[in-house]
Amino acid sequence: MANKTAANEHHGFPWKHLIGFVLSIVLTLFALWIALGTDLSLTWILIIIFGFAFLQAALQLLMFMHVTENSTKSNLTSRVQIGNILFAAFVAIVIVIGSVWVMAAGHAKHDKHNHAPKTENHENHGSHGGGSEHDSGEHGSHE
Amino acid sequence: MKWDEFFVTGDPMIYGADVSIVLTMVGILFYLTKYKKWKWLWDEWLTTVDHKKLGIMYIVSAVLMLFRGGVDALLMRTQLAVPEAKFLDSQHYNEIFTTHGTIMIIFMAMPFLIGLINVVVPLQIGARDVAYPYLNAVSFWTFFIGAMLFNISFVIGGSPSAGWTSYMPLASNELSPGPGQNYYLLGLQIAGIGTLLTGINFLVTILKMRAPGMTLFRMPMFTWSSLVTMVIIIFAFPILTVALALMTFDRLFGSHFFTLQGAGMDMLWANLFWLWGHPEVYIVILPAFGMFSEIISTFSRKTLFGYKAMIWSMLLIAGYSFLVWVHHFFTMGSGALVNSVFSITTMAIGIPTGVKIFNWLFTMYRGKIQFTTPMLWSLGFIVNFVIGGVTGVMLAMAAADYQYHNTYFLVSHFHYVLIAGTVFACFAGLIYWYPKMFGYKLNERIGKWVFWIFTIGFNVCFFPQYFLGLDGMPRRVYTYSEESGWGPLNMVSTIGGFMMGIAFLVLVYNMYYSFRFAKRETTGDAWDGRTLEWSTPTAMPPFYNFAKIPEVTGLDHFWRQKQAGKVEKLTANELKPIHMPSNSGVPFIMASFFFVAGFGMVFDWMWMAIIGLVGVFGTLIYRSFEYDDGYYVSVEEIIETEKISK
C-alpha cells in the first residue's frame, strides 16, 4: 500500500541527504571553530553562530524535511503543510522571545548581576510595591 | 565504584524489593521455559508491529507503572499520616516523591493514553494499521526501555531526588551527587524519543489513512483529540529533549548551561522545563477529553453536542498551551508585567475547557443515559474535574499564587485535574474498549465498586489537602510538627489514599474475575457503539482490522447505518488481498542497545555508552538496507478468518 509506492519513488543514490548531512556537520564544526578558535568578541561570536544556526535550520528543512513538497492530488496536504509551518513559526517565536523576555524581566535579571539602565530597574521594583523582595538570589534558587 | 555504591543498601524495604524483583524474574523465566512460551513471546509480542498488540503492551506497562507510582504514593501518605513519623528518612522521602511524579506523568499517564490511542484510532478511522508500523514498535520499545532504566534506579545506584521538575541548581552535581539524577535525564530522554515518534506516526496516520469519505470534520472526537495531541507532542517534546540534553551536558561533561558557576542560568531550566511541561499537561488531558466525548455520546444515545465547538476549543487549547508556562513559577519574580500576561493567558485557557464541559452536559441533556461503568467514570470526571479547574483559576491569579505556591493547595489542585481528568479517563477508556482488546467486558458490578471506592477515596484523600495548603503546609516536606495542627487532616488524607489503593486492587481482581467468568462477546459491537471500531464483525478485530475498508458518509456513520438497518454483510467476491507489514525484531534490539547506552551514561561509563550507541546506529543502518515491503494476506485466508469468526 502506502509503503510500497513510497519505496518505489526513492531510487538512485540519496545525494540530497548526503550533501545535507555533510553540510550540516561542516556548519557545526565551523561554529565550534568560531567559538573556540578565534579571538572575536562575544557579541560577534554570538551573531555569527546565530547566523549559522539559521542556516542550519534552513538546510534541515530543505534537505531532510520536505519543506518544498507539495501534493497536486489533494489540497489538504498543502493546507496542512502551511498550517504546520505557521504553527512551527509561532512556537519557535514563543520559545525564543518568550524565554528571553521572562528570563530578562524583573528579579531574574538580578541573578546575572547585570546592571541594567536605571529606568527599567525602577519599573520592575515599582511593580512589587515592597522592598522586602530584594534578595533575588533566594528567589531564584528556591522556586 | 564499589558494589555497595552500585546497589542501594541499608534499607530493609529496598532489600525486600530486591528479593521480590529477583523472585518475579525467576518466576517469569521459569514460566516461559516450562510452558515453552519463548517462541510465542518473541513471535507474538516482542517483534509485533500490530497497533492493537502494541497498544495492549503500552497499557499493561502503564498499569504496572500505576502500581509502582501508587506504592510510592502510599509510602508517602504513610509517612505523613502522623506528625514526626519515622517511617521514611528525608532522603528516601525525596526520592519517592520524585519517582512518584515522574513515573505517574511520563510512564503511566502518557503510555496509558498512547496505548488506548494505539488500539482505537486506526480502528476509528477505518485503517488497517498506522502509517509507520515499524516506527510504532520503535516507539513502544524506547518508551519501555526508558521506563525500565528509570525504574531500576531504586535498587541500583539510587533514585533521583530533585523532584519530577528537577530544578537547578538542586539537580546539579554539587547538590545531587551520584547517578540518581542521571537516571532521570537518560530515562526521560530515551522514552521521549518514543513519544516524539508516536506523535509523528499518528499525525500522519490520521491525516493520510482515513477511510474514504471520512473528511476531517467526520472524524470521531477521540480521533480529533488524538490528532491535536500529536501536534502538541511534535512541538513540545523537542523542548524537553534539548533541556534534558543540556542538563546532561552540565552533569556529565562539565558545561554551564544551568549551573550557578560559569554564568549559567539556573532558572532557564525551569523556564524550558515548563515550556514543555505545560503543553505536556494538555497532552495528557486532551485524549482524556476525547474519550469522555465518545463515552458520554454512546451512553446518552445522542450525537455529541457541539461537535465543531469541541474541535475549535481543542485547537485553541493547543495554541494556548504554549502561552501559559510561566504560571508554574510566578514567584520567580519576573515582574508585574510578565506575571500579569501569563495570569491572563492562564485564565483564558479555562474558557475553551469550560466550553467542552457544557458540551458534555448538553450531550446528556434529554439523552437516554445508561449508567454503565465507563459512563460513571465520565460523570465522576465532570464533577471532580470542575473542582480542579476552579482551583486552577484561583492559582492562575499571580498575586494570589504567591500564597498558594508550593503548598498542598497546589498538590491537591493538580491531583484533581490529573486524576479526575486523566486517570478517570484511562479507567473509563480501558473498560469501554476492553471488549475490543480482549473479547469480553469487565464485570460491571465489580466495576461499580471500583468506581465508588476510588472516587470516594480520591476525594477523602485530596479534598483535605486544599485546607492543609491554605493552612500553610508546604509540599515535599517529609514530616511536620505536632504543633502545626496538620495531623488530623493528614490522617484523613492517608485513609483516602489507601482507599484508592484498595480500589486499584479490586480493579485488578476484576480483570482476573472477568478473564475467568465473563461472557464472551459474540459481535464486535459490545456497547451499541457509534463509531467504526465497533463495526468489525468479531469482538476482537483480526490483525488486518477490516476485511474491506468501510466507506463513510458522515459523522457516527456506523450508528446511522444501524438505525437505518443497513449494516452491510461482507461477501466473498468483494475481497482483495490485503497488504500488511512484516514483524521485526529490530526495534526491540535497538531499544536494548539504548538501555546499554543509557545505563553507561548514568554511571559515567563512557565505554559502555559508546558500545550502546554503536549498537543503536548499527540497527539503524541495518534497517536502512532492509528491503521488506511486507506481505499480502490472500483472499482465501481472509475468507477463512472471517468465517471462523462468524
Side-chain angles (χ1 to χ4, degrees), chain A residues 1-8 10 14 17 42 65 71 74 76-77 79-81 83-84 86-96 98-114 120-121 123-129 133-143, chain B residues 128-129 131-134 167-170 203-204 207-209 215-216 231-232 234-236 238-239 242 260 263 265-268 270-272 274-276 279 318-319 322-323 325-326 328-342 405-406 578-581 624 627-630:
Chain A
M1 277 190 336
N3 281 346
K4 190 145 203 196
T5 47
N8 291 343
H10 292 288
H17 296 86
L42 186 65
M65 301 187 72
S71 167
S74 74
L76 176 69
T77 319
R79 269 191 306 167
V80 166
Q81 188 86 308
N84 251 332
L86 286 179
F87 193 59
F90 162 75
V91 172
I93 288 168
V94 165
I95 293 171
V96 176
S99 295
V100 170
W101 184 45
V102 169
M103 294 307 297
H107 281 257
K109 197 184 287 176
H110 293 236
D111 279 341
K112 292 190 71 192
H113 305 286
N114 184 1
E120 263 185 72
N121 253 347
E123 192 190 327
N124 292 327
H125 281 270
S127 62
H128 284 286
E133 305 205 12
H134 276 274
D135 193 356
S136 56
E138 192 186 279
H139 269 270
S141 55
H142 265 198
E143 221 301 336
Chain B
R128 285 181 173 138
D129 207 319
Y132 311 113
Y134 177 93
Y167 278 7
M168 289 292 259
L170 179 59
L203 181 83
V204 178
L207 288 178
K208 288 291 207 182
M209 297 188 61
T215 58
L216 283 180
V231 172
I232 305 180
I234 291 171
F235 288 103
I239 309 174
V242 169
L260 290 179
M265 293 173 84
D266 49 346
M267 280 310 287
L268 184 60
N271 182 71
L272 291 175
W274 287 115
L275 260 167
W276 159 77
F322 285 91
L323 294 174
W325 78 95
V326 176
H328 295 274
F329 49 98
F330 278 144
T331 53
M332 178 174 88
S334 277
L337 180 62
V338 173
N339 280 4
S340 307
V341 166
F342 284 95
H405 187 80
N406 265 4
I578 296 173
H579 183 230
M580 291 301 289
S624 303
Y627 294 97
D628 183 350
D629 285 339

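Throughout, protein chains are lettered first and strands after them, A, B, ... in sequence-line order, and every chain is numbered starting at 1.
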Exercise for the section: Evaluate the criterion side chain to side chain contact (heavy atoms under 4.5 Å, CB included) for residue pair B/Val326 and A/Trp101; output intermediate values, then yes/no. Expected result: CA-CA 11 Å; B/Val326 176; A/Trp101 184 45; over 6 Å; no
Handout entry: side chain to side chain contact (heavy atoms under 4.5 Å, CB included) assessment of A/Val102 paired with B/Trp274
Key = CA-CA 12 Å; A/Val102 169; B/Trp274 287 115; over 6 Å; no
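B/Met265 CE to A/Ser99 OG: the interatomic distance, rounded to the nearest 0.5 Å, is 9.5 Å. Here the CG-CG distance, from B/Leu207 to A/Asn84, works out to 8.0 Å after rounding to the nearest 0.5 Å. Separating the CH2 atom in B/Trp276 from the CD1 atom in A/Ile95 is a distance of 13.5 Å, to the nearest 0.5 Å.
When all heavy atoms of A/Ala105 and B/Ser334 are compared, the closest pair comes out as CB-O, 3.2 Å. Taking each heavy atom of B/Phe322 and A/Val94 in turn, the nearest pair found is O-CG1, 3.3 Å. The nearest pair of heavy atoms linking B/Asn271 to A/Met103 is CB-SD, 3.9 Å.
Both the backbone and the side chain of B/Val338 have a heavy atom closer than 4.5 Å to some heavy atom of chain A. With a 4.5 Å cut-off on non-hydrogen atoms, B/Phe342 touches chain A through its side chain but not through its backbone. Neither the backbone nor the side chain of B/Ile234 comes within contact range of chain A; no heavy atoms are under 4.5 Å apart. Neither the backbone nor the side chain of A/Ala92 comes within less than 4.5 Å of any heavy atom of chain B. Contacts between B/Leu275 and chain A at a heavy-atom distance below 4.5 Å involve the side chain alone, from C-beta outward. Contacts between B/Ile578 and chain A at a heavy-atom distance below 4.5 Å are absent for every atom of the residue.
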